[in-house]
Amino acid sequence: MPSNSLYASLSSQFDATRIETVLDPMGYTIKRRDIPVCLTVAGSDCSGGAGIQADLKTMTSLGVYGMSAISCVVAENAERVDKVENMSASFVESQIDCCLQDVPCNVVKTGMLSNVEIVQAVVKSVVKHNIKEVIVDPVMIATSGDSLSNEDIVETIIKYLLPVTTLITPNIPEALAFAKRVNGDVPEVNSISSMEKLASLIHSFGARYVLLKGGHMPLNQLGLKATKEEQGELELQVVDILYDGKKYYHFSSTYLNQGEVHGTGCTLSSAIASFLAWDHTMLDSVQFAIDYVHGAISQSPSINICSTNLLNHMSRLRIAPFAPGHFLEYLLSHPSVVPVWKEYNYHKFTNMLAKGNLPLRAFQEYLKQDYLYLLQFSRAYSLKGYKESTFLGIFEAAQSVFHVIQEKQLHVSFCQQYGITIEDLKASEESPACTAYSRYILDTGSQQDLAALEFAQAPCLIGYYLIALRLMKEPFRDVNGPYQRWIDNYVSEDYISAVRRGCRQLEETVCTLSPERIQQLIQVFVRATKFEILFWETPYQKYVVEQNLEDPSL
């Protein structure tokens, strides 16, 4: 891996707050300084599949900062519940206060609230902290069938919690338990229409929205509860119904016949809370959350022994391979880049140049070819401007063209210093190495996307700076040597500014790309770097190696 000293100077130029890009869970790039925040008040599931653990996994994978207040500790796994130990109501309230006094948030999700006192403590905290969105997952029955709370909880939730609730998310058994506590005569739920009636009844208890989850009742094409025979033969649907007091919204998804799944209710409500924290509407938040849970079920990991499935909360998680401001370090440390970059960075041509004993003819030939290359490089930036879709992008491409023209003017003065006239430059013929390199960049830019063009140009832009930076630190460098002016040019503030701009553009580009595309672009970078090596190698071979003028000390 390259030494970090290679990047120290350049990395110090980055402002960590400059790159504020956060990938939201829908895949859009949103620039915002702060990530959203959610608080979950729920029980702790030691097995990690439900409760607080599922909530925090969900929030994290959806780009939300999750906080928690534990209402109880449950000894359970996907198959059974062994023991439940409740926290005191005052301790739950203290946890909520500690969270919200330091990190304010507008969205709170509740899960298992195991006694009346805890419910009342949560309501008190919601009012005290003026929480705008409260998502209530009325956890009373585990997937295993074990009861997780007593019957008094239902009446307490209805009386105290639902009046301050934005959305309640019962499954059918939980909704029936609520309905029967208020109205003993509850009809059987066996169709979409009967689900709507049950949702309406639950809505009358005070919540602004009710999401009645249909996962326990797969439906056939007629919208009726599927029989056991149909569950084995037909493609069934699951319908979740959202009711706002005026209109029913149906969310249909394919029924995944995988048996029982642990933690779906906790995960769905946490996902809805997360999307609300991202400022999505209620309808979008519900749809996005259903899609997320559906994916987590379909990618269930086969890691547990019992028959109940676990969720894959990381099914949508995309981890960036580098920290903001450190893409250059990631790129140059990539396994496919390291060997070719080392060959380029430590090429004997530049080492002899720094030592001052590079034959003049070799340097003159390099200067002539570099002049011709700059013409093609400016064309590449013009192509970049054509491919840009914003005024800022076009302007920055134009700035780069202007910078190359400035470099060309400086280059001409270089050439005059070393006995090369402007007429000599114009009369020079492109070497095969120069033609191959410059046409590779232009062809890549023409045939592929803007990102590919940027990566094809990157070795030249970045490489000269890093090579000059290294040479400035080499003990063998002749500070009064004939070629020191060349080194000085590529560590000047003007050139560093261009490198900074190029690195920022590269980083902003890769933040929008898939990991697969990034790896493809790294190969473009590798290929372009090999052409850079050939660019050095051609005059070195002709005027150093063939003349037996190699420096054995390098």
Stepwise side-chain contact (heavy atoms from CB on, under 4.5 Å) test for Arg208 and Glu133
CA-CA 10 Å; Arg208 282 165 48 200; Glu133 309 283 2; 4.1 Å; yes

Is there a side-chain contact (heavy atoms from CB on, under 4.5 Å) between His294 and Thr254 once you walk through the steps?
CA-CA 9 Å; His294 195 271; Thr254 303; 4.1 Å; yes

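Glu396 and Arg504 are joined by a salt bridge, as a carboxylate oxygen and a charged side-chain nitrogen come within less than 4.0 angstrom of each other.
Residues Asp137 and Cys266 are in side-chain contact: their nearest non-hydrogen atoms beyond the backbone lie under 4.5 Å apart. Between Asn77 and Arg80, the closest side-chain pair of non-hydrogen atoms falls below 4.5 Å. Contact check for Gln287 versus Phe275: no side-chain heavy atoms found under the 4.5 Å cut-off. Looking at heavy atoms from C-beta onward, Ile168 lies out of side-chain contact with Glu174 at the 4.5 angstrom threshold. Side-chain atoms of Ile153 and Leu113, non-hydrogen and from C-beta on, never get closer than 4.5 Å to each other. Taking the side chain as every heavy atom from C-beta outward, Ile35 and Val64 never approach each other to under 4.5 Å. Considering only heavy atoms from C-beta on, Met67 comes within 4.5 Å of Leu100 through its side chain. In this structure, Ile157 and Phe178 have side chains that are in contact, with non-hydrogen atoms separated by less than 4.5 Å.
Put simply, the side chain of Asp82 never gets that close to the backbone of Glu76: no donor and acceptor are under 3.5 Å apart. Between the Thr512 side chain and the Thr509 main chain, a donor and an acceptor come within less than 3.5 Å of each other. Between the Ser270 side chain and the Met59 main chain, no donor and acceptor come within less than 3.5 Å of each other. The closest donor-acceptor contact from the side chain of Gln95 to the backbone of Ile70 lies under 3.5 Å. For Ser94 (side chain) and Phe91 (main-chain N/O), no donor-acceptor pair under 3.5 Å exists by modelled atom type. Between the Lys197 side chain and the Val189 main chain, no donor and acceptor come within less than 3.5 Å of each other. Between the side chain of Ser200 and the main chain of Glu196, no donor-acceptor pair closer than 3.5 Å is present. Formation of a donor-acceptor pair under 3.5 Å by the Thr444 side chain with backbone atoms of Leu453 is not found in this model. A donor-acceptor contact shorter than 3.5 Å is absent between the side chain of Thr166 and the backbone of Ile135. Asp240 contributes a side-chain N or O that, together with a main-chain N or O of Gly214, makes up a donor-acceptor pair within less than 3.5 Å.
In this structure, CD on Glu188 lies 10.5 Å from CD1 on Ile172, to the nearest 0.5 angstrom. Once rounded to the nearest 0.5 Å, the distance linking OG of Ser446 with NZ of Lys387 reads 7.0 Å. How far CD of Glu388 is from CG of Leu383: 10.5 Å, rounded to the nearest 0.5 Å. Within the model, atoms OG1 of Thr267 and CG of Leu62 stand 10.0 Å from one another, a figure rounded to the nearest 0.5 Å. Considering CE of Met217 and CE of Met195, their distance stands at 5.0 Å, rounded to 0.5 Å.
For Tyr292, the ring-ring contact (aromatic ring centres under 6.0 Å, His included) criterion is met by no residue, not counting sequence neighbours. The ring-ring contact (aromatic ring centres under 6.0 Å, His included) check on His203 picks up Tyr243, with sequence neighbours excluded. In this structure Gln523 satisfies the side chain to side chain donor-acceptor pair (under 3.5 Å) test together with Ser336, sequence neighbours excluded. Remark: Ser204 pairs with Leu201 by the side chain to side chain contact (heavy atoms under 4.5 Å, CB included) rule, at least two apart or across chains. By the side chain to side chain contact (heavy atoms under 4.5 Å, CB included) test, Ile297 is found to be paired with Leu256, Gln258, Val261, Thr264, Val293, Leu311, residues two or more places apart in sequence or in another chain being considered.
The side chain to side chain contact (heavy atoms under 4.5 Å, CB included) with Val286 is formed by just one residue from the set Leu268, Thr169, Thr281, Ile272; it is Ile272.
Within a 6.0 Å radius of NZ in Lys225, other residues, nucleotides and ligands contribute 12 heavy atoms or fewer. The 12-atom threshold is exceeded at OH of Tyr248, counting heavy atoms of other residues, nucleotides or ligands nearer than 6.0 Å. Atom CD1 of Ile305 is surrounded by 12 or fewer heavy atoms from other residues, nucleotides or ligands within 6.0 Å. In Lys132, the NZ atom is not crowded: 12 or fewer heavy atoms of neighbouring residues, nucleotides or ligands sit closer than 6.0 Å. Within 6.0 Å of OH on Tyr160 lie no more than 12 heavy atoms contributed by other residues, nucleotides or ligands.
Residue pairs meeting the salt bridge (charged side-chain N to carboxylate O under 4.0 Å, His left out) criterion with at least one member in residues 44-64, sequence neighbours excluded, are Asp55-Lys109.
Side-chain contact check for Asp97 and His129: at least one donor-acceptor pair (N or O, by modelled atom type) lies under 3.5 Å.
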